[in-house]
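A short worksheet on the structure shown next.
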There are 2 protein chains.
Amino acid sequence: MNTHAQNVPSACGDCPIRHRAVCSHCDHDELLELEGIKFYRTFEAGQTIIWSGDMMSFVGSVVSGIATLTQTMEDGRTQMVGLLLPSDFVGRPGRDGAAYNVVATTDVVMCCFRKKPFEELMMRTPHIAHRLLQMTLDELDAAREWMLVLGRKTAREKIASLLSIIARRDASVSAKGATGSKTFDLPLTREAMADYLGLTLETVSRQISALRKDSVIQLEGKRHVTIPDMRRLMDEAGDDSDGGFLN
Amino acid sequence: MNTHAQNVPSACGDCPIRHRAVCSHCDHDELLELEGIKFYRTFEAGQTIIWSGDMMSFVGSVVSGIATLTQTMEDGRTQMVGLLLPSDFVGRPGRDGAAYNVVATTDVVMCCFRKKPFEELMMRTPHIAHRLLQMTLDELDAAREWMLVLGRKTAREKIASLLSIIARRDASVSAKGATGSKTFDLPLTREAMADYLGLTLETVSRQISALRKDSVIQLEGKRHVTIPDMRRLMDEAGDDSDGGFLN
DNA sequence: TGTCCCAATTGATCTGGGTCAAGGTTATTC
DNA sequence: GAATAACCTTGACCCAGATCAATTGGGACA
């Protein structure tokens with residue numbers, strides 16, 4: 001039982017179940033069991049991966065690309081409830097119906113497992129259940145952190161919170177650690193950001209402009225963001241500590 | 001392996017680990033193992049059970065009373081992120097620090113387990129891990145459902161959503177099932193409701209008055225609510241289906 | 001090189017819910 | 001049963017963010 005290194009043994013392939021997603025150890029027994037129940041699927045940008053209420057026949061993780069979880073009311077109001085980046089897990093072992101829409105924001109490759117055999121594997125393999133429990137607890141924390149953002153933060157603080165989350169998960173760090181400067185491409189349209197933050201896209205646009213005018217962020221084009229001072233951004237977000245949506 | 005009935009065998013005592021909270025079956029082996037690691041604690045209304053950031057030395061479930069999970073910003077803005085009713089589980093196996101404050105709203109009795117032994121028990125006992133995973137997935141769904149409430153619903157819809165959740169979890173049903181009339185005592189002050197809904201207490205008060213004037217609800221005193229028509233309330237909440245915070 | 005299209009910006013105005021302030025209701029205590 | 005203290009309600013006013021409406025920018029394609 002050795003913890004997994006960055007470079008994956010070729011025997012493991014690039015299946016996420018052997019990376020962060022599900023297990024953190026690396027003996028090869030299960031690989032065989034997985035043959036035939038594991039497969040890859042690709043989705044185009046904009047495509048719905050799972051409809052809320054559908055029976056889900058698979059679980060899996062995101063290999064590349066970005067997907068979002070959204071809830072919708074009949075009148076069309078929508079709220080994004082999660083952001084899926086590579087290595088994030090999708091699915092609800094033990095459940096049949098999906099609770100929300102999963103939509104590909106960019107082109108997405110997923111590594112999927114047929115649900116029934118995966119559940120059986122999980123039953124036989126305690127560390128998978130434990131790993132899933134840890135991941136689910138992380139998501140629960142993230143969701144609750146986000147409830148504070150949605151319920152109590154101002155528009156400016158909401159934008160700063162979102163940027164700081166994306167920066168932490170996504171960014172190439174250009175300087176010393178958590179407080180230096182960071183650069184990344186926004187993976188979301190203004191409208192998607194609005195759906196995430198419980199705002200309108202106009203308000204998102206205005207607040208981004210304001211943050212740029214105040215030099216909290218720099219913009220190159222519409223999507224490429226650089227954050228000269230993470231500490232400053234996190235102050236704007238109202239985060240006391242190092243917060244942690246999506247860890 | 002028999003599913004648990006309402007009346008608990010006396011050998012089981014009233015420990016929640018044998019009720020809904022953790023396991024859904026009832027063989028007696030583990031009971032012995034639990035001796036010495038299980039204990040009860042009581043908290044007075046208003047008392048903080050766990051401070052955010054504290055090391056948690058126990059996990060457990062609520063036996064009686066009501067507690068809330070809250071997040072707070074330095075400037076005092078607070079957001080409730082969960083409501084704990086009897087049988088709900090508290091704690092994060094595998095984690096040390098608490099992520100939010102847990103506060104007793106009424107007097108609360110908790111059935112606690114020392115964390116380390118509980119975790120060891122969980123490692124040895126797959127069905128406990130599976131049960132906890134299911135419960136955590138339920139909480140995650142509930143949290144995400146609540147994100148829609150916080151991000152996209154109007155004040156009136158928010159109040160209706162909260163009332164319908166409490167009615168579903170808490171109420172004595174007076175008529176036929178989910179659509180009949182229900183009666184219950186509000187377990188929360190107006191201020192706590194406001195913290196739950198991302199509103200101010202004045203707005204909560206006004207919207208409750210409005211719902212009463214429109215006969216969506218009836219009030220006796222300040223806390224005793226009866227809902228003549230659940231279907232009507234759920235329409236007001238904007239819930240298409242039977243929604244499900246806290247299941 | 002233009003034109004089509006979609007994302008984004010910016011402006012003007014409106015409004016739901018926040019803020020501030022003044023009572024009213026119960027419950028508790030002595 | 002009067003005094004005190006929570007808790008709740010209601011009113012008047014205000015403002016952050018929504019809504020409605022142009023306009024701009026930038027990439028793909030012919």
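Protein chains get the first letters and strands the later ones, always in sequence-line order, with residue 1 at the start of each.
Looking at B:D88 and B:R169, a side-chain N of the basic residue comes within less than 4.0 Å of a carboxylate O on the acidic one, giving a salt bridge. Taking 4.0 Å as the cut-off between side-chain N and carboxylate O, A:D185 and A:K222 do not count as a salt-bridged pair. Salt bridge present: A:R95 and B:D138 bring a charged side-chain N and a carboxylate O closer than 4.0 Å. In this structure, B:D239 does not pair ionically with B:R231, as no charged nitrogen and carboxylate oxygen lie closer than 4.0 Å.
Note: CZ (A:R212) to P (C:dA8) measures 13 Å, nearest angstrom. A:L188 has its CG atom 17 Å from the C1' atom of C:dC6, to the nearest Å. A:R156 has its CZ atom 18 Å from the P atom of D:dC15, to the nearest Å. Atom pair A:I159:CD1 and D:dG17:P shows a separation of 10 Å (rounding to whole Å applied). When rounded to the nearest whole Å, the span between CG of A:L186 and P of C:dA7 equals 15 Å. Computed from coordinates, the B:L219 CG to C:dT25 P distance equals 15 Å when rounded to whole Å. The distance from atom CG of B:D185 to atom C1' of D:dC7 is 16 Å, rounded to the nearest whole Å. One can place CD of B:E191 at 13 Å from P of D:dT9, the figure rounded to the nearest angstrom.
Annotation: side-chain hydrogen bond (donor to acceptor under 3.5 Å, both in side chains) contacts involving residues 42-54 of chain A, sequence neighbours excluded, are absent.
Using a 4.0 Å cut-off, no side-chain N or O of A:R223 falls inside it from OP1 or OP2 of C:dA7.
Nearest nucleotide to the A:R190 side chain, out of D:dG17, C:dT9, C:dT25: C:dT9.
For the contact set between residues 197-210 of chain B and DNA chain C, defined by any heavy atom under 4.0 Å, the members are B:G198, B:L199, B:T200, B:E202, B:T203, B:R206.
Under a cut-off of 6.0 angstrom, the local environment of CD in B:E191 is sparse, with at most 12 non-hydrogen atoms contributed by other residues, nucleotides or ligands.
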